[in-house]
Amino acid sequence: PLDAVDVEGMAVIHRGTVTVFAEDSRDYADFCRHIETSLAGMERMFGSALDRKPTIYVYRDLRSTSKRVFGSDTETIQTAMADPVNKILYVTSPFDEGRTPEYYRSVPVHELAHLFFSPKDGWLREGFAVYQAGQLGAIPDPDAIRGYADFDQKRRSDREFLEHYNRCGWFAKFLFERKLQSSIPRFIRFSKSSDKAAFLGSAGMDSLVAEWKTWMRGQNPAGNPAAIVPGPRSGQ
């Protein structure tokens, strides 16, 4: 629960277009600039600013994030969480050695996407964030998805969850680029539609998924299932 997140003892290290708190005293100047640049990019993409300045809490490592954000005594796969209502991000320090610095730089971009775009459908919310953050893994095997029901969020192992996020990211890329001509206004209208398939002129979501699978095979003509690179798992 968001009201259970522990931010005790964290100090302000940056005030600008975002306010950043950190758990430790490492040099986060470059990380803060990266977050502000990413925020400006999102504002340009969506054509508007957020209704309040975002606040970011940076935890010193994944173990601390697991404990203080997600309430787990053991290190979890989760590296960040977004609170779209209050415009708050909780992220793991890029100095954590559990993932690459490049991965940790992609995390605030993923979470910022949630502040601008947080639809009810989890697959669409997370898929768009993965896509926008440049976190797409290698091309997945389209035959691993039987139909639209396979995009529903459910309890999975860590590896299955990473694969799920990657597939959702590729589905979001297909919808955004191929079906909606990279139009944010159309994408938002699509996300709010009560009949998304009809919005795109498709007979149903299963038909839309079948079209995506055909497109995916064109992205991977050799038909080689690819290993999934580690991706994010956000709480929102």
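Only heavy atoms go into these numbers, but all of them, side chains included; no hydrogens, no water, no symmetry mates.
- Across all non-hydrogen atoms, the minimal contact from M10 to V58 is CE-O, 3.1 Å.
- Looking only at distances, no side-chain donor or acceptor of S202 sits under 3.5 Å from a matching main-chain atom of A198.
- For the pair Y28 and F95, the minimum side-chain heavy-atom distance is below 4.5 Å.
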Practice task
Run the numbers on R217 and D143 for salt bridge (Lys or Arg N to Asp or Glu O under 4.0 Å), then give the verdict.
Solution key: CA-CA 9 Å; R217 292 186 185 98; D143 292 326; 2.6 Å; yes
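- Between the side chain of K213 and the main chain of I145, a donor-acceptor pair closer than 3.5 Å is present.
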Problem - Check against side chain to side chain contact (heavy atoms under 4.5 Å, CB included), L175 and L208 - result: CA-CA 9 Å; L175 293 170; L208 194 60; 3.8 Å; yes
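- Between H14 and R33 there is no side-chain heavy-atom pair separated by less than 4.5 Å.
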Practice task
Please step through side chain to side chain contact (heavy atoms under 4.5 Å, CB included) for the pair D83 and L115, ending with a clear verdict.
Solution key: CA-CA 7 Å; D83 175 356; L115 302 192; 5.9 Å; no
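- Interatomic distance, CD1 of I77 versus OG of S72, reported as 12.0 Å (0.5 Å rounding).
- Distance check: T76 OG1 to R63 CZ gives 10.0 Å after rounding to the nearest 0.5 Å.
- A salt bridge links R68 to D6: one of the charged nitrogens lies within less than 4.0 Å of a carboxylate oxygen.
- Looking only at distances, a side-chain donor or acceptor of D27 sits under 3.5 Å from a matching main-chain atom of A29.
- The line from CD1 of I184 to CZ of R189 is 11.5 Å long, rounded to the nearest 0.5 Å.
- D30 and R105 are joined by a salt bridge, as a carboxylate oxygen and a charged side-chain nitrogen come within less than 4.0 angstrom of each other.
- Ionic pairing of D206 and R146 is not present here: no N-O contact between side-chain nitrogen and carboxylate oxygen is shorter than 4.0 angstrom.
- Between Y131 and F171, the closest side-chain pair of non-hydrogen atoms is not below 4.5 Å.
- Closest of all the heavy-atom pairs between C32 and V20 is SG-CG2, 3.8 Å.
- A heavy-atom distance below 4.5 Å is found between the side chains of I56 and V91.
- A tilted orientation is assigned to the rings of F174 and W215, their planes being inclined by 30° to 60°.
- When side chains are defined from C-beta on, T65 does not count as touching T79, because their heavy atoms never get closer than 4.5 Å.
- Ring orientation note: the planes of H164 and F161 are nearly perpendicular, at an angle over 60° on the 30°/60° scale.
- Annotation for Q181: atom CD counts as buried by contact number, over 12 foreign heavy atoms lying within 6.0 Å.
- Here the OG atom belonging to S118 is positioned 11.5 Å from the CZ atom belonging to F128, to the nearest 0.5 angstrom.
- Between the side chain of S193 and the main chain of F190, no donor-acceptor pair closer than 3.5 Å is present.
- Annotation for L136 and K173: closest pair CD1-CD, 3.8 Å, computed over non-hydrogen atoms.
- Remark: the E126 side chain and the H114 side chain contain an N/O donor-acceptor pair separated by less than 3.5 Å.
- The backbone N or O of P119 sits less than 3.5 Å from a side-chain atom of R125, completing a donor-acceptor pair.
- Considering only heavy atoms from C-beta on, Y104 comes within 4.5 Å of D96 through its side chain.
- Cation-pi geometry between R99 and Y103 is satisfied (NZ or CZ under 6.0 Å from the ring centre, within 45° of the ring normal).
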Exercise for the section: Please test L89 against T55 for side chain to side chain contact (heavy atoms under 4.5 Å, CB included), starting from the C-alpha separation and ending with a verdict. Expected result: CA-CA 6 Å; L89 307 184; T55 300; over 6 Å; no
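- From E111, atom CD reaches atom OG of S106 across 9.5 Å, with rounding to the nearest 0.5 Å.
- In this structure, V7 and Y90 have side chains that are in contact, with non-hydrogen atoms separated by less than 4.5 Å.
- Side chains of E177 and S182: no donor on one and acceptor on the other come within 3.5 Å.
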Practice task
Determine, stepwise, if the pair E75 / S66 fulfils side-chain hydrogen bond (donor to acceptor under 3.5 Å, both in side chains).
Solution key: CA-CA 5 Å; E75 189 173 295; S66 299; 5.9 Å; no
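- Taken to the nearest 0.5 Å, the OG1 atom of T74 stands 10.0 Å off from the NZ atom of K67.
- Remark: the E23 side chain and the S64 side chain contain an N/O donor-acceptor pair separated by less than 3.5 Å.
- At least one donor-acceptor pair under 3.5 Å links the side chain of T214 to the backbone N or O of A210.
- The minimum heavy-atom distance between L50 and E43, with the atom names listed, is N-OE2, 4.5 Å.
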Handout entry: Criterion side-chain hydrogen bond (donor to acceptor under 3.5 Å, both in side chains) on H110 and Q135, from CA distance to verdict
Key = CA-CA 8 Å; H110 177 112; Q135 293 174 322; 2.8 Å; yes
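- Hydrophobic clustering (side-chain heavy atoms under 4.5 Å, transitive across Ile, Leu, Val, Met, Phe, Trp, Tyr) groups V5 together with V12.
- Ion pairing of E211 with K179 is present here, as a side-chain N (NZ or NE/NH1/NH2) and a carboxylate O approach within less than 4.0 Å.
- For the pair K192/K120, no side-chain contact is recorded, criterion being any heavy-atom separation below 4.5 Å from C-beta on.
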Practice task
Starting from the C-alpha separation in whole Å, work towards a yes-or-no answer on ring-ring contact (aromatic ring centres under 6.0 Å, His included) for F151 and W212.
Solution key: CA-CA 13 Å; F151 281 101; W212 169 75; 5.5 Å; yes
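- W170 places no side-chain N or O within 3.5 Å of a backbone atom of Y165 that could act as its donor or acceptor partner.
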Practice task
Determine, stepwise, if the pair K196 / D121 fulfils side chain to side chain contact (heavy atoms under 4.5 Å, CB included).
Solution key: CA-CA 11 Å; K196 293 179 174 58; D121 298 289; 2.9 Å; yes
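- A distance-only check finds a donor-acceptor pair linking the side chain of N166 to the backbone of A138 [under 3.5 Å].
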